[in-house]
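Let me begin by presenting the structure, written as structure tokens, before commenting on it.
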Protein chains: 2
Amino acid sequence: MKPTESEMEILQVLWNKGQCSVREVFEALNKKDVGYTTILKLMQIMHEKEMVTRDTSSKTHIYTANINKEKTQNQFLNKMIDTVYNGSTSRLVMQALGNHKTSKEEIDLIKDYLNQLETK
Amino acid sequence: MKPTESEMEILQVLWNKGQCSVREVFEALNKKDVGYTTILKLMQIMHEKEMVTRDTSSKTHIYTANINKEKTQNQFLNKMIDTVYNGSTSRLVMQALGNHKTSKEEIDLIKDYLNQLETK
DNA sequence: TTGCATTTACGAATTCTTTCGTAGATTTGA
DNA sequence: TCAAATCTACGAAAGAATTCGTAAATGCAA
């Protein structure tokens, strides 16, 4: 049900690009030390689990994500809030905002979002 | 280096309580279907990995977390931002805020925090 | 056409994580 | 004191997740 870490990386590519062959995913991931057939195998397993669908009409199969991006992200997020932040969303958020990687633009986006939340 | 999920649950308890025997952790976790010796073994492994230290001067050993809470949380957070949110902190934050589990109090906390960030 | 490159399928090995049984030591209290 | 309870150590099994080698099919290009 819940994707593994490797599966998540693959889903990431599929969500971004929409449709991909194994090779496209393999190249997008660009992992050293991981061979082509490893990615292939993972995607076959994901197909068995029905996390992805595929079009096998031509030799090169074309894969598409078959689970919802937002729902899946939320699943990870909630798990993380529980096991890493002891259930506190605000602590996660504040740490995320405080970790220097956040640009001014991103912070502005979040302010807008908070204001929206407020007026509702 | 990076704690596993089970290890994270144990660390959670140790960070909260400071110092614990195996039994205390076992009881705090309160997991059905997981025996005492399982937690013991995990904590012994964590000791080997130097994630925890322990005082063995009495029969019941007392464990203490030996890795930094904020640093470890950040490690998970950054990994998550990368593999689940494609590198976008603001998307993670907005999804966290949007998932209903956030109370008004928490939202206010975050606003204060953003204002602080701003004035710096 | 024919052989080279690409692709799939699949089994199996490897590695990582979690689980627990059992044995032996220590403590406690009846 | 000594039996019951509690604890540690440790090996090993079970279960997940990842990895890849190899064989067979397919398509492409000379």
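Since we're looking at a predicted model, the values are computed, not measured. Lettering follows sequence order; numbering is per chain, from 1.
- For B/K59, whose side chain is taken as the heavy atoms from C-beta onward, the closest listed nucleotide among C/dT6, C/dC20, D/dC7 is D/dC7.
- Nucleic acid contact for A/T37: base, since at least one base atom lies under 4.0 Å from a heavy atom of the residue.
- For B/R54 and D/dA9, the shortest distance from a side-chain N or O to OP1 or OP2 is below 4.0 Å.
- Mapping A/K31 and B/S21 onto DNA chain D by nearest heavy atom places B/S21 at the nucleotide closer to the 5' end.
- For the pair A/Y36 and C/dT8, the criterion of a side-chain N or O lying under 4.0 Å from OP1 or OP2 is met.
- Residues A/N86 and A/S88 bring no donor and acceptor atom of their side chains to less than 3.5 Å of each other.
- Across C/dT18, D/dT19, D/dA9, the shortest atom-to-atom separation from the side chain of A/L42 is found for D/dT19.
- Distances shown here put every side-chain N or O of A/S6 at or beyond 4.0 Å from the OP1 or OP2 atom of D/dA17.
- Nearest-nucleotide positions on DNA chain C for A/T56 and B/E5 put A/T56 closer to the 5' end.
- Distances were taken from every side-chain heavy atom of B/K41 (C-beta onward) to each of D/dA17, D/dG11, D/dT8; the shortest belongs to D/dG11.
- Distances shorter than 4.0 Å separate some side-chain N or O of A/R23 from OP1 or OP2 on C/dT7.
- A/E7 comes within 4.0 angstrom of nothing in the nucleic acid, heavy atoms only.
- Residue contacts for A/T38: at a heavy-atom cut-off of 4.0 Å it reaches a base atom on one of the strands shown.
- One can place CD1 of A/I45 at 10 Å from C1' of D/dT19, the figure rounded to the nearest angstrom.
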